[in-house]
Amino acid sequence: MRRGVTMFLDVHTHNPSTDPNILAIENRHSGFGEPVGSAYLSAGLHPWYIRPETLADDLDLLRRYAAQSQIVAIGECGLDKLTATDWDTQCRAFERQIALAKELGKPLVIHCVKAFQECLHFLKDVRVPVIFHGINNRLSVIRPVIDAGYFLSFGKALLHPNEAILETFRAVSADRLFLETDDTGCNIREIYKTASRLRNIPEKEIALQLETNFGKVFKQ
Ligand SMILES: [Zn+2]
């Protein structure tokens, strides 16, 4: 990271920006045979795209790919009760990716839809940092994730928040917070500006806090 310049950190995106002041972690859910280049990447099997018949091969490919230093996190991976992928296959893939993250000592980026209790159950012995991304839930759903000490990443849901999301966002302590654009095409600068307004603290302060969080999780 360049010193003296506050970076905008986009902890989870599918659309990397060329803006030199944005440091993004670009997500890959396939193409694990391709060269990694110089970007920071996260790589994982997304519950939407898992197929039982190719799971073993895909996990092998991921294992080799994720060992490279540019892959700074495993994920997004997790559990999704609204997707067609069968539940047992999702659980198997999630378990294996948690094991991989532990083995490589890399953080996990979690995709979770209507399965927070189950995700927390699988994660209970995990010591690598864990980031639940794309938070857009009411506080009673997210409280157990906060209590477990995990990081929470917010994105587009902040731009037009309802009261429930606002309550959740304000309940997350600053040292557990990240911001992201995911697949929305939003600008991370806009998310920072909105986050600063919603928490009523200067944008610079959020930026410095997120740099600290980033440094802790990704050992920069
Ligand atoms: Zn995503």
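In each ligand, atom 1 is the first atom listed, and ligand 1 is the first ligand listed.
Lys216 and Asp175 are not joined by a salt bridge, as no carboxylate oxygen comes within less than 4.0 angstrom of a charged side-chain nitrogen. A salt bridge links Glu103 with Arg63; the closest basic N to acidic carboxylate O contact falls under 4.0 Å.
Look at His14 and the Zn ion (ligand 1): an N/O/S atom of the residue is under 2.8 Å from the metal. Among the atoms of His46, no N, O or S atom is found under 2.8 Å from the Zn ion (ligand 1).
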For this session: Apply the test side-chain contact (heavy atoms from CB on, under 4.5 Å) to residues Leu179 and Ile188: give CA-CA distance (whole Å), side-chain angles for both, the deciding distance (0.1 Å), then the verdict.
Result: CA-CA 8 Å; Leu179 298 173; Ile188 194 69; 4.1 Å; yes
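For Glu76 and His111, the side-chain atoms include at least one donor-acceptor pair closer than 3.5 Å.
Glu76 contributes OE2 as its N, O or S atom closest to the Zn ion (ligand 1). Residue Asp182 approaches the Zn ion (ligand 1) most closely through its N/O/S atom OD1.
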